[in-house]
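Predicted, not measured: the structure shown is a model, and the values here were computed from it.
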Amino acid sequence: MVIVIGPQDPGSSAQGNDAVWRAVTVENGVAGSTRSFAQNQLSDFVSAVHRTSHHPDRIRWVWSSTNAVYPSLLRAGVSVSRCWDLALNQTILRNAATLPSNQVQYSPAVDLRTSEPAPAGHIPPRHDPQQVSLFDAPTRPGSRAEPGIDQLVEEFAAQKGAVDDSPGRQRLTLLLAAESQGALIAAEMYHEGLPWNADIHQRILHELLGPRPDEGERPALMQELAEEIGRTLGTSRLNPDSPQDLLRALHSAGIEVSSTRKWDLMAWADRGGSSSDQRRAMIGPVLRYKQLYRLWTANGWHWLDEWVRDGRFHAAYVVGGVVTGRWAAHGGGAMQIPQTVRDAVRADPGNVLTVADASQVEPRILAAMSSDRALAVAGQGKDLYVGIAEIGQRTGSALKDRPAAKVALLGAMYGATSGEAGSLAPHLKRLFPEAIGVVENAADRGERGGQVTTWLGRTSPPPDQRWFDTVKDVSTASAEARSNTMARSQGRFTRNFVVQGTAAEWALCWMGEIRRRLRSGGENGGPMSTSLVFFVHDEVVLHGPESEAQVVADIVRESAASAGRLLFGDSPVDFPLTVETVDSYAEAK
DNA sequence: TAAGGACGCCAC
DNA sequence: AAACGTGGCGTCCTTA
């Protein structure tokens with residue numbers, strides 16, 4: 001059963017909390033019964049429908065945007081099993097329709113584009129969630145009128161029709177369902193939050209930086225380092241925060257680097273023969289300073305004040321925020337929590353964290369989508385890179401150890417042409433022609449300005465007119481060089497798009513399956529107490545009672561296999577995980 | 001003085 | 001050593 005909900009009348013966000021909303025049941029594409037309720041009665045309405053339904057889990061709630069509706073339901077303690085996020089699905093369909101070979105005919109009934117992608121949860125952490133009403137979210141600053149229920153019903157029909165009439169309907173349907181499910185998960189993870197122990201975080205900061213400094217002051221241990229650097233380089237009152245000043249000081253000390261980058265400095269230190277110890281001593285304090293500077297500015301006391309509330313870090317995910325379909329996150333650097341502070345992520349007493357990491361997902365995805373049997377077999381029951389190295393040794397190929405196999409395979413997916421990855425590329429192609437064929441094909445298309453699609457049908461955006469203009473211009477040698485650079489760059493993008501995007505689809509299905517099982521894995525088919533609390537591309541973190549940990553580990557593993565089957569049928573590709581039950585995130589490697 | 005680019009580093 | 005994909009973000013620094 002499908003139920004579309006939305007405001008009775010189109011209007012702006014000015015409508016009050018008592019605005020009239022309607023719920024329209026849609027059966028076989030036909031709008032049926034209609035019920036009305038006040039917007040502030042939304043959660044009551046949804047739970048009443050759930051109570052009176054024989055199969056509440058089979059209801060698909062259709063709404064303009066999960067971000068605009070679902071957080072208030074969660075705050076009222078109401079969750080739903082399935083939804084259809086019209087805004088997210090519109091984005092996918094619009095893109096799909098730009099590529100004729102997809103044969104997707106889609107004209108939106110209403111424009112649901114937002115000028116900015118809206119983070120899940122949408123509540124700035126400084127504010128009290130209870131005081132935020134439904135539509136004061138940063139959802140559509142474009143001041144477009146909020147669509148009314150009739151438009152939403154029409155739009156749903158337009159989307160459903162576009163999918164059903166397309167040759168790729170099965171996969172596309174799965175993609176839209178997975179994307180929408182992702183929106184639910186993102187909102188739920190935002191709501192729940194990642195358990196974050198501020199005391200431990202502060203201990204880490206104190207140990208590495210010293211006591212919290214006054215506003216505008218440098219932490220004590222950084223200050224000491226700054227002075228030491230000044231002495232070592234012979235530049236008094238040097239400000240290491242300024243790359244310009246630092247580079248000047250390095251040069252005046254005879255350190256010939258072209259930038260102040262970590263790698264540049266390390267390379268300089270390792271260049272020298274006999275004096276390399278001396279060189280390391282010179283740049284050592286600089287490197288340490290940079291490390292501390294990063295911790296202080298990115299995940300220091302300010303970050304803690306800003307982002308951790310009541311022992312939780314609420315990551316605001318942006319579903320589909322990356323062109324490839326990966327999620328992005330807005331605020332707090334949620335997807336770049338550095339190793340140095342991960343020890344602050346701690347399970348509540350009596351609970352544990354389950355950290356699950358999918359091993360070598362992207363190459364495995366490539367194996368599955370290319371039906372490359374050799375690559376699939378290489379990863380069966382073992383680390384895929386190790387498997388490749390074993391084949392390499394047997395066949396006398398240059399891919400003779402794990403590091404070589406890894407660099408070669410990543411290089412193939414990123415489009416590396418030079419260095420070790422570049423020189424290993426032909427060897428890889430000889431062993432796995434089908435897999436390499438898929439990425440080369442995607443790159444070829446991209447270089448010519450064409451578009452590519454993921455396994456489920458997410459379509460890459462076409463390059464803009466400026467790109468075509470630049471690529472066409474080969475009038476001079478430098479123009480031709482520019483043309484080649486642009487073309488190759490686009491080729492690397494489309495090359496990576498198919499793999500990264502399909503991996504994102506696998507991850508969506510993986511999480512969706514985990515969620516589905518958690519919701520019914522408890523007593524009498526009820527929900528378990530464990531929930532998903534964190535996600536980064538190919539890794540999930542769950543938090544819940546220790547007593548559930550064993551079952552949760554099984555669920556996470558089975559869901560990975562299930563996601564593989566959902567996408568690729570009975571493909572021989574394995575999707576193994578590293579699953580660890582821990583008290584601290586830092587314990588999970 | 002605000003905006004935006006450059007830089008550099010973090011994550012996968 | 002760099003070059004080889006997708007991002008976020010804080011700071012410095014230049015420009016309007």
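The side chain of A:Pro243 lies closest to C:dC13 when the candidates are C:dG7, C:dC9, C:dC13. Minimum atom distance to the side chain of A:Arg294 is reached by B:dG8, of the listed B:dG8, C:dC4, B:dC12. For A:Asp264, whose side chain is taken as the heavy atoms from C-beta onward, the closest listed nucleotide among C:dT6, C:dA2, B:dC12 is C:dA2. Picking from C:dC4, B:dC10, B:dC12 the nucleotide with the shortest atom distance to the side chain of A:His537 gives B:dC12. Among the nucleotides C:dC4, C:dT6, B:dA11, the one closest to any side-chain atom of A:Val323 is C:dT6. Closest to the side chain of A:Thr417, from the set B:dA11, B:dC9, C:dC4, is C:dC4. Among the nucleotides C:dT11, C:dA1, C:dG7, the one closest to the side chain of A:Gln336 is C:dG7. Among B:dC12, C:dC12, B:dG8, the nucleotide with an atom closest to any side-chain atom of A:Asp241 is C:dC12. Comparing C:dT14, B:dC10, C:dG7 by their closest approach to the side chain of A:Lys262 singles out B:dC10. Nearest nucleotide to the A:Ser418 side chain, out of B:dG8, C:dG5, C:dA3: C:dA3.
In this structure, the CG atom of A:Leu265 is 11 Å from the P atom of C:dA2, given to the nearest Å. Here B:dG8 presents its P atom at 14 Å from CG of A:Asn239, a figure rounded to the nearest Å. Distance CZ (A:Arg248) to P (C:dC12): 15 Å, rounded to an integer number of Å. Rounding to whole angstrom units, CZ of residue A:Arg488 and P of C:dC4 are separated by 8 Å. Atom CE in A:Met413 sits roughly 15 Å away from atom P in C:dC4 (whole-Å rounding). Remark: P of C:dT11 and CG of A:Leu246 are 17 Å apart, rounded to the nearest angstrom. In this structure, A:Gln490 atom CD and C:dT6 atom C1' are separated by 14 Å, rounded to whole Å. Regarding A:Leu247, its CG atom lies at a distance of 16 Å from the P atom of C:dC12, rounded to whole Å.
Note on A:Arg261: a side-chain N or O is less than 4.0 Å away from OP1 or OP2 of B:dG8.
In terms of modelled atom types and a separation under 3.5 Å, the side chain of A:His314 and the main chain of A:Tyr190 share a donor-acceptor contact.
Between A:Glu179 and A:Arg458, at least one side-chain N (NZ, or NE/NH1/NH2) sits under 4.0 Å from a carboxylate O, which counts as a salt bridge. The pair A:Glu440-A:Lys429 counts as a salt bridge, with a side-chain nitrogen and a carboxylate oxygen less than 4.0 angstrom apart.
Residue-environment remark: CD (A:Gln465) exceeds the threshold of 12 foreign heavy atoms within 6.0 Å.
Among the protein residues, A:Gly415 comes within range of the sugar-phosphate backbone only, with heavy atoms under 4.0 Å from sugar or phosphate atoms but none that close to a base. Nucleic acid contact class of A:Gly332 (heavy atoms, under 4.0 Å, all strands): sugar-phosphate only. Using a 4.0 Å heavy-atom cutoff across all strands shown, A:Gln339 reaches sugar-phosphate atoms only and no base atom. Among the atoms of the strands shown, none is found under 4.0 Å from any heavy atom of A:Phe497. The residue A:Leu410 sits apart from the nucleic acid: no heavy atom pair falls under 4.0 Å. Nucleic acid contact class of A:Arg492 (heavy atoms, under 4.0 Å, all strands): sugar-phosphate only. Nucleic acid contact for A:Gln291: none, since no nucleic acid atom lies under 4.0 Å from a heavy atom of the residue. As judged by a 4.0 angstrom heavy-atom cut-off over every strand, A:Ala329 is placed among residues touching the sugar-phosphate backbone only.
Taking the side chain as every heavy atom from C-beta outward, A:Arg445 and A:Thr494 never approach each other to under 4.5 Å. Side-chain contact between A:Leu366 and A:Phe432 is absent, with no heavy atoms from C-beta onward closer than 4.5 Å.
Of the two residues contacting DNA chain C, namely A:Ser242 and A:Trp263, the nearest-nucleotide position lying further toward the 5' end is that of A:Trp263. Closest-nucleotide positions on DNA chain C for A:Asn496 and A:Glu420 were compared, and the one nearer the 5' end corresponds to A:Glu420.
Using modelled atom types and a 3.5 Å distance limit, the side chains of A:Arg515 and A:Gln181 yield a donor-acceptor pair.
Taking atom P on both nucleotides, C:dC4 is separated from B:dG5 by 24 Å, rounded to a whole Å.
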